[in-house]
Amino acid sequence: MSLYFKYLQILFKSQMQYRTSFWLLSIGQFFIPFSVFAGLYFLFERFGQIKGWEFFEVALCFAVIHMAFSLSECFARGFDTFSSLIIKGDFDRVLVRPRSTFLQVLGSKFEFTRIGRLLQSAIVLLWALSNLPIEWSLFKAVTLLFMVTSGVLIFTGIYMLAATMCFWTVQGLEVANIFTDGGREMAQYPLNIYQKWVARIFTYVIPFGTVNYLPLLFILGKTEGNEILYMLTPVAGSLFILPCFLVWQFGVRHYRSTGS
């Protein structure tokens, strides 16, 4: 981990060499999801609710998933841009270094400008929580933390799967955006507003439902049955990264040098 934090320090210093550019990009990242949230706000202004969900309940869902996405974009950006390492032949150098390929790729790129998106999500989160009649407890506070953490791990896992495909395709596949950008847009609403087959896929295959829907029911006091199960669903969703890591290891073992 000391090496990982060294990567963080070096890349942060390099990005701060152009501070005006850094802050302008951060401000831009603040306003990019703002238009999406504005659409969400006007939707509820017109219809009042969606399938029993009020505006601030969905705003909480929106904030959690965008916060998780911004953190994963910042800290797992190395996997998202992994194809450039393959194309340039730089991954060959990664393989001969006495450190894990996972750690080296993870630390190869950080997007600290995503702080703008994270800040906007945090503001929406605080606004939603201040307007919801939630009876807080330690378990609910921990569950909220689990939701964000689980979301980060799920998005990171998807980036890893997309990066692994580069071992055979060289270029990253745009289909991965269906599960990153598309998953983010879909998961900003509770899953039960979609068709059942869609909700099942994004609960049991790509487990966004363990981030934005099932634990949300627990926090809002809408659960039926054992509340502990709802509370622990983000932990179960976090396990998604384990098979992604195994797939990554499989890809590394079957990688053939570019020869460059």
Side-chain angles (χ1 to χ4, degrees), residues 30-72 117-155 180-204 206-238:
F30 179 88
F31 285 106
I32 285 174
F34 181 79
S35 59
V36 179
F37 182 72
L40 178 71
Y41 176 82
F42 291 122
L43 177 67
F44 278 88
E45 279 288 298
R46 176 64 180 84
F47 296 104
Q49 63 176 9
I50 297 178
K51 210 166 185 179
W53 293 92
E54 304 292 338
F55 168 70
F56 287 109
E57 294 173 339
V58 177
L60 176 58
C61 186
F62 174 96
V64 167
I65 204 68
H66 278 265
M67 187 174 291
F69 181 77
S70 61
L71 287 170
S72 66
R117 185 189 292 268
L118 180 63
L119 178 61
Q120 197 247 25
S121 302
I123 292 172
V124 173
L125 179 69
L126 293 174
W127 187 36
L129 292 177
S130 64
N131 285 276
L132 288 170
I134 298 174
E135 296 181 4
W136 284 104
S137 65
L138 177 61
F139 291 120
K140 289 187 177 181
V142 171
T143 301
L144 185 61
L145 179 62
F146 281 169
M147 290 166 68
V148 177
T149 304
S150 178
V152 172
L153 293 176
I154 290 171
F155 279 117
T180 52
D181 296 333
R184 179 200 65 215
E185 296 300 315
M186 186 211 63
Q188 66 190 13
Y189 295 94
L191 284 185
N192 70 330
I193 72 171
Y194 302 107
Q195 294 288 335
K196 287 185 178 180
W197 66 271
V198 175
R200 287 170 181 165
I201 290 175
F202 285 96
T203 299
Y204 300 108
I206 309 294
F208 284 119
T210 64
V211 177
N212 77 326
Y213 177 55
L214 296 173
L216 186 66
L217 293 175
F218 169 66
I219 290 177
L220 297 175
K222 295 184 176 184
T223 55
E224 296 179 1
N226 193 340
E227 292 186 342
I228 300 298
L229 294 177
Y230 287 88
M231 174 188 170
L232 294 178
T233 50
V235 179
S238 299

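Note that these values count all heavy atoms, side chains included, but never hydrogens, waters or copies made by symmetry.
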First locate atom CZ of Phe155, then atom OG of Ser70, and finally report the distance between them rounded to the nearest 0.5 Å. 9.5 Å
Working to the nearest 0.5 Å, report the span between CG of Leu214 and CG of Leu191. 8.0 Å
Close side-chain approach of Thr149 and Pro234, heavy atoms under 4.5 Å: no
About how many Å separate CZ of Phe218 and CG of Leu232, when rounded to the nearest 0.5 Å? 9.0 Å
Can you give me the closest heavy-atom contact between Pro215 and Thr143, atom names plus distance? CB-CG2, 3.7 Å
Identify the heavy atoms of Ser238 and Leu153 that sit nearest to each other, and give their distance. CB-CD1, 3.6 Å
Between Ile65 and Phe69, does a side chain to side chain contact (heavy atoms under 4.5 Å, CB included) hold up when you go through it step by step? CA-CA 6 Å; Ile65 204 68; Phe69 181 77; 5.9 Å; no
Could you give all pairs that pass the salt bridge (Lys or Arg N to Asp or Glu O under 4.0 Å) test and reach residues 183-194, with sequence neighbours left out? Asp181-Arg184
Output the distance between atom OG1 (Thr223) and atom CG (Leu229), rounded to the nearest 0.5 Å. 10.0 Å
Please name all residues satisfying side-chain contact (heavy atoms from CB on, under 4.5 Å) with Val198, sequence neighbours left out, ordered by chain then number. Met186, Tyr194, Gln195, Phe202
May I ask you to check whether Tyr213 and Tyr189 place their ring centers less than 6.0 Å from one another? no
Straight-line distance of Leu216 CG to Thr210 OG1, nearest 0.5 Å: 12.5 Å
Residues Val152 and Ser72: closest non-hydrogen pair is O-CB, 3.8 Å
For Ile50 and Val58, what are the C-alpha separation, side-chain angles and deciding distance, and is it a side chain to side chain contact (heavy atoms under 4.5 Å, CB included)? CA-CA 9 Å; Ile50 297 178; Val58 177; 5.8 Å; no
Acceptor/donor pairs from residues 134-141 side chains to any protein atom, 3.5 angstrom cut, sequence neighbours excluded:
unit_1, atom_1, unit_2, atom_2, d
Ser137, OG, Lys140, N, 3.4
Lys140, NZ, Glu135, O, 3.3
Lys140, NZ, Ile219, O, 3.3

d(Thr233 OG1, Ile228 CD1) to nearest 0.5 Å is 11.0 Å
Just jot down the ring pair (Phe, Tyr, Trp, His ring centres under 6.0 Å) partners of Phe62, sequence neighbours excluded, or say none. Phe37, His66
Return a table of donor-acceptor pairs under 3.5 angstrom between the side chains of residues 118-132 and protein atoms on other chains or two or more places apart.
unit_1, atom_1, unit_2, atom_2, d
Ser121, OG, Arg117, O, 3.0
Ser130, OG, Leu126, O, 3.1
Ser130, OG, Trp127, O, 2.8
Asn131, ND2, Trp127, O, 2.7

Tell me whether Ser150 contacts the main-chain N or O of Met147 through its side chain, where contact means a donor paired with an acceptor under 3.5 Å. no
Sequence neighbours excluded - side-chain hydrogen bond (donor to acceptor under 3.5 Å, both in side chains) pairs with any residue from residues 39-59: Trp53-Asn192, Glu57-Lys222
